[in-house]
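As the structure is a prediction and not an experimental result, all values here were calculated from the model. Every chain is numbered from 1, with letters handed out A, B, ... down the list of sequences.
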Amino acid sequence: MDFELSFEQQELVTALKRFVETELYPHEDLVERERGVPPDLAAEIKKKAIDNGFYAMNMPEELGGGGLDALTLSLAEKEIGKAGSGLGILIGRPTRILLACKDDQIEEYLMPSIRGERKNCFALTEPGAGSDARAITTRAVKDGDDFIVNGTKLYISAADISDFIILNTVSGVEETPRGPRKLFTTFLLDKNTPGVTVTPMLSICTHGYNPNTIYLEDVRIPKSKILGEEGKGFSIANEWLYAGRVMLSAHCVGRGERVMEMTADWAANRKAFGKAIGDFQGTGFKLADMATELRLADLMTLNCAWKMDQGTLTRQEASMCNVFASEMIFRLTDNAMQIFGGMSMMEDFPIQRYWRDARVERIWEGTSEIHRDIIARDILKPYRK
Amino acid sequence: MKVLVAVKRVIDYNVKIRVKADRTGVETANVKMSMNPFDEIGVEEALRLREAGKATEVIAVSLGAQQCQETIRTALAMGADRGILVQTDVELQPLAVAKLLKAVIDKEQPGLVILGKQAIDDDSNQTGQMLAALLGWSQGTFASKLAITDDGLEVTREVDGGLETVKLKTPAVITTDLRLNEPRYASLPNIMKAKKKPIDVIAPDALGVDPAPRLKVLKVEEPAKRQGGKKVASVQELVDKLQNEARVI
Ligand SMILES: Cc1cc2nc3c(=O)[nH]c(=O)nc-3n(C[C@H](O)[C@H](O)[C@H](O)COP(=O)(O)OP(=O)(O)OC[C@H]3O[C@@H](n4cnc5c(N)ncnc54)[C@H](O)[C@@H]3O)c2cc1C
């Protein structure tokens, strides 16, 4: 098995590492305080990312994207994930769900997203439906060639700074032998459409990449804005779901590496009772566990990304990776808090931010429980008689 | 005008250097290697000249073991057009590098050669000056600004007393100082193109140069550990210590 990175991969990692450290890190405190990136700064960083070909690295080369395979992309995500999410998203990676665009949608949504001219958010969750995504009730009712949509979407990341919404709705019910089944339809909805109201929510994590409530009141959407096929909304989401889980893991690993370096440096130099605190077994063993788990999450992520490229990644593996990496970053940042002692609680010191940001990784992209549930079901399946 | 840039493979500036147990040199096994930072500045300056329409081609040259190809590839990923590797496993000292570079330059006939003012491994700060002397070309060392004029070059040099501006005739040799520019990021498209760009590999023999070292390294040692400072109670005591203990005044 060859674990060597290619020349291109090494160069990209080196270039991105420097880009993130030079263009993003210096603004993290400001973004944390303001809970957002000032628009001028955001535009400037985005332009630099575009100029260097770092924007839309995940999209196909024929369409003007970077054309990276999943493995190389995971290496890139690891570097980008080291910075706060509010800044990281400026090195845009438009969702690949947009590749389902057809006809006029291509020029209206897909291409401008790749060029960095338009930005989307993805709206699935509702007040009454999170983990149980099929419980959504946002209704799309046919009216001639249009649909009239009513409902509420909750926690929608970056809706405040997006131009359009990838909106998931229920458009009907189908009778099956097992009883009635909801039909889901996904729309491309311009945010400035009448009836759409976006209100920011205050969250304790990932400032600058903020959750929002989206209220939809009698929103008229033409049929031509259906992404994928009417009534088959969720089927376009699967490939994208697995990718999201692996890339989330890459972020956790990147951030873990950053926190690990800071913590090791502190533990080697902070003195108590006449010696470095890292020399007390209570601290040293923590460091050893943090580093070991970090390494394991890294290898799982690389392995899953590689499998994505081979087309062999299973849903169970994507969930294993997600649940391990997201719980790893929580334990790692929690141990870091302990090792930094009182300093860790101070708002003008970044450790508490990594800890807060780590917490959400166990909730979005599927909660830890949902992932364990998937893993367990897939373990049992072949044995059921 | 062609611009030739010398790029050296050195231990990455982030690495904590360790001296080998037998004191023959520093540890390079399993150590991250990178392009000498002053050479990155050289590549950047050459690329800017090309982008400004003042240069037609940027050639990155490295000298040393086969792995130096990676350093050349890094220059190609920044945007250089092609590379030349003078491949040898002999330990290369500044005079040998200058002679080998001269031989490459005789073949390539560039209008400008840019080198780092020094490499961060040996800190010799000799190659550029030796090369200019061997070529009989003008030299602008420690450049913090470079401008192409109608009749040659104007180079601002960082000297002890401040900044000195000199006019040079081309062809010329320039060595870069830290403030000349801020090197660009290797962009994704350029990274992807780098592998497709040509690198010529030449042996020192083919250039008619004997690269054998002229200087012998006797031993390499770590600098002495810094002693902790001392507090003094008064200016009187300080002056006394400087005079009688440190003997510096
Ligand atoms: C900061 C942030 C940003 C977000 N961004 C987006 C976004 O951009 N777009 C979007 O659509 N959504 C987004 N979400 C929503 C996110 O996907 C959901 O919060 C998540 O799926 C969990 O749903 P829920 O919050 O309704 O919790 P619930 O589903 O109500 O779960 C509550 C608890 O019950 C447990 N539970 C539920 N079902 C089971 C089960 N079957 N077995 C065991 N335990 C179970 C859960 O694990 C959890 O512990 C975001 C959330 C946050 C916090």
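In terms of heavy-atom pairs under 4.5 angstrom with chain A, the leader among B:K195, B:M192, B:E70 is B:K195. Here B:A186 is the residue among B:A186, B:A194, B:S34 with the most heavy-atom pairs under 4.5 Å with chain A.
The side-chain heavy atoms of A:M262 and A:F340, taken from C-beta on, include a pair separated by under 4.5 Å.
Of the atoms belonging to A:L16, not a single heavy atom falls under 4.5 Å from chain B. For a residue to count as touching a neighbouring chain, one of its non-hydrogen atoms must lie under 4.5 Å from one of that chain's; by this rule B:Q69 does not touch chain A.
Salt-bridge annotation for B:E245 and B:K230: present, with a side-chain N of the basic residue lying under 4.0 Å from a carboxylate O of the acidic one. Using a 4.0 Å cut-off between charged nitrogen and carboxylate oxygen, A:R93 and A:E77 count as a salt-bridge pair.
Residue-environment remark: CZ (A:R295) stays at or below the threshold of 12 foreign heavy atoms within 6.0 Å.
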